Q: 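Here you go, one structure.
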Amino acid sequence: MDNQDQKVERMTLLVFASDLDKVLGAFIIATGAAAMDIKVNMFFAFWGLNALRKEECKIPRKDILSKMFGWMMPKGANKLKLSQMNMMGMGTSMMKGVMKKKNVMSLPDLISTAQDLGVEFTACEMSMNVMGFKKEELLDGVKLAGVATALDSASESKTSLFIS
Amino acid sequence: MDNQDQKVERMTLLVFASDLDKVLGAFIIATGAAAMDIKVNMFFAFWGLNALRKEECKIPRKDILSKMFGWMMPKGANKLKLSQMNMMGMGTSMMKGVMKKKNVMSLPDLISTAQDLGVEFTACEMSMNVMGFKKEELLDGVKLAGVATALDSASESKTSLFIS
Amino acid sequence: MDNQDQKVERMTLLVFASDLDKVLGAFIIATGAAAMDIKVNMFFAFWGLNALRKEECKIPRKDILSKMFGWMMPKGANKLKLSQMNMMGMGTSMMKGVMKKKNVMSLPDLISTAQDLGVEFTACEMSMNVMGFKKEELLDGVKLAGVATALDSASESKTSLFIS
């Protein structure tokens, strides 16, 4: 497909949030676009990295601050909370229940589907560095890159969205 | 105008938030663009649907969860709150007062103006389904469609913005 | 550069938020793009204006509401707080400390760098009016303009992002 590069429509999603609702929105757009043969690049920065964390992954950390960030932030797609009406987790559980009942894919399933459809995941190196995350803590297949890579992708994309 | 479709500039706004400030921002952009002869499509998903709800509309609901969503979320443009400095409603009232005093259109007026200027409103079907909203609960003239329609619109647009 | 206008790639950033993390994101994108010879226009509206306020600037204000907005909102880039994990300022201080330690530029430094790289800052006139801000309260070099100017810039840009 890449040797016909001029003809492939591209989309870049800059995922900055880790609220369940916003990350769901990002992945519904990503999988929808990929199903329409749009080549989607998702860049995860800052809080957005949390959506890519493996649930179980203990890494010997170098400093106390990295440990604190690691403890305090949601560990993976299953742990994200709604940006509103979380109500100490009740609203989030309710939303997940409704989604299941109405046959809407869960976030972890959407993430797998996106990967199966060839959506590329890139984690922002600077954010990884600031939050003290290691590559091994993120889902397999996630690349690391800097802001220039995200901007190149945006330059080649018909649509770029900042999801915060 | 649509038979000259190639020449019409298009804009797609994906409205995901229901905070008064952000929805105001979306409609100021939408009406401004429409006044400049840009064809604007607004897609409302998730919390964004609240801005389109009619203030008075009782629908016999099927399940308790849909009822709960209906009760707990703001019923229409008049009920939205600021994302910051709401201060139990005081900040929001203050903001509305200042806007009136300084002759800035209120959100309900901006919404009517957008409709008069031909801005199209589409509600995300999946979000409607999850939140248990019915078409009759939304402002007249709102269409329902899926994510593919939003993505098609974005593909044809010079500018697409995600407002969350 | 402007007489070759057709060849210059442009980017428009609509900065609506005043959370430290989001404004940092906006300026990392802006300076990154400017370093890649993209002409960047940043429009600051609503809360976003706070990032441009001078730290020390007393203006005789006309009305009590403008005074209140002035008091209650963060006075400049140094006073912005994280959108999450602020923890009464502790999380924000921690984040600033980590950034310094890991040699990531602070927000005030990123703002200066953006200005040095020719990034244009424009403040939304309507927001200035609603919040009762005066031009003198904002950083030197900030222009004032209405939504039409922001939309014109977006129309000419390869990439436009709404940062909320």
Side-chain angles (χ1 to χ4, degrees), chain B residues 8-40 42 47-48 82-87 90-107 110 154 157-164, chain C residues 10-19 22 25 41 43-50 61-74 80-83 86 124-133 145-164:
Chain B
V8 180
E9 185 177 329
R10 289 172 180 274
M11 173 180 276
T12 300
L13 301 178
L14 305 164
V15 184
F16 202 82
S18 67
D19 304 299
L20 176 60
D21 39 348
K22 294 171 185 175
V23 180
L24 274 172
F27 276 96
I28 288 168
I29 291 172
T31 51
M36 291 160 75
D37 285 325
I38 297 171
K39 174 80 192 133
V40 183
M42 298 178 85
W47 316 111
L82 291 176
S83 65
Q84 293 180 33
M85 304 212 309
N86 179 52
M87 304 180 295
M90 209 177 72
T92 298
S93 299
M94 196 171 112
M95 180 62 72
K96 287 184 185 177
V98 175
M99 285 172 58
K100 194 170 182 182
K101 201 179 143 197
K102 307 220 170 163
N103 292 314
V104 178
M105 262 193 223
S106 70
L107 181 55
L110 278 167
S157 293
K158 186 84 195 62
T159 309
S160 299
L161 302 174
F162 189 87
I163 295 169
S164 62
Chain C
R10 287 173 182 275
M11 172 181 277
T12 300
L13 300 178
L14 305 163
V15 184
F16 202 83
S18 67
D19 304 299
K22 294 171 185 175
N41 288 315
F43 285 84
F44 297 83
F46 230 91
W47 316 110
L49 291 174
N50 291 317
R61 286 179 182 281
K62 282 164 201 153
D63 56 64
I64 182 73
L65 281 172
S66 300
K67 265 190 199 167
M68 281 180 66
F69 276 121
W71 285 331
M72 286 161 51
M73 294 194 301
L80 305 187
K81 293 183 177 68
L82 291 176
S83 65
N86 180 51
C124 166
E125 271 176 341
M126 190 197 286
S127 309
M128 297 281 290
N129 185 20
V130 167
M131 296 192 171
F133 287 159
V147 68
T149 305
L151 292 169
D152 277 335
S153 174
S155 276
E156 290 168 17
S157 293
K158 186 82 195 63
T159 309
S160 298
L161 302 173
F162 189 86
I163 294 169
S164 63

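Numbers restart at 1 for each chain; the letters A, B, ... are given by sequence-line order, proteins then strands. All values derive from a computational prediction rather than experimental measurement.
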Q: Between C/Ser157, C/Ser160, C/Ser155, who has the most heavy-atom pairs with chain B when the cutoff is under 4.5 Å?
A: C/Ser155

Q: Considering residues at least two apart in sequence or located in another chain, which fulfil the ring pair (Phe, Tyr, Trp, His ring centres under 6.0 Å) criterion with C/Phe43?
A: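 Counting only residues at least two positions away or on another chain, C/Phe43 forms no ring pair (Phe, Tyr, Trp, His ring centres under 6.0 Å).
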
Q: Nearest 0.5 Å please: distance from the CG atom of C/Leu151 over to the CD atom of B/Glu9.
A: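 Result: 9.0 Å between the selected atoms.
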
Q: Let me know if C/Ile163 has heavy atoms under 4.5 Å from chain B in its side chain, its backbone, both or neither.
A: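 When you check distances to chain B, no heavy atom of C/Ile163 falls under 4.5 Å.
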
Q: Considering non-hydrogen atoms only, spot the tightest contact between B/Thr159 and C/Ala154 and give its length.
A: OG1-O, 3.6 Å

Q: Calculate, to the nearest 0.5 Å, the distance between atoms CH2 and CE belonging to C/Trp47 and B/Met85 respectively.
A: 4.0 Å

Q: Give me the atom names and distance for the closest heavy-atom approach of C/Asn129 to B/Lys102.
A: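 What the structure gives for the nearest pair is O-NZ, 2.7 Å.
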
Q: May I ask you to list the residues in residues 92-99 of chain B that approach chain C closer than 4.5 angstrom, counting heavy atoms only, ordered by number?
A: B/Met94, B/Met95, B/Val98, B/Met99

Q: Determine whether B/Asp21 and C/Phe16 satisfy the following criterion, side-chain contact (heavy atoms from CB on, under 4.5 Å), listing intermediate values before the conclusion.
A: CA-CA 9 Å; B/Asp21 39 348; C/Phe16 202 83; 4.2 Å; yes

Q: Examine whether an atom of C/Ser127 lies under 4.5 Å from a heavy atom of chain B, and if so say whether it belongs to the side chain, the backbone or both; otherwise answer neither.
A: neither

Q: Enter the distance from B/Gln84:CD to C/Ser18:OG here, rounded to the nearest 0.5 Å.
A: 4.5 Å

Q: With only heavy atoms counted, which part of C/Ala148 is less than 4.5 Å from chain B, the side chain, the backbone, both or neither?
A: both

Q: Select one option (side chain, backbone, both, neither) describing which atoms of C/Met72 are under 4.5 Å from chain B's heavy atoms.
A: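 Both backbone and side chain.
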
Q: Can you tell which part of C/Val130 gets under 4.5 Å to a heavy atom of chain B, answering side chain, backbone, both or neither?
A: both

Q: Who are the salt bridge (Lys or Arg N to Asp or Glu O under 4.0 Å) partners of C/Asp19, not counting sequence neighbours?
A: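 C/Asp19 satisfies salt bridge (Lys or Arg N to Asp or Glu O under 4.0 Å) with C/Lys22 once adjacent residues are dropped.
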
Q: For chain C, which residues from residues 23-32 of chain B lie under 4.5 Å away (heavy-atom distances)?
A: B/Gly25, B/Ile28, B/Ile29, B/Gly32

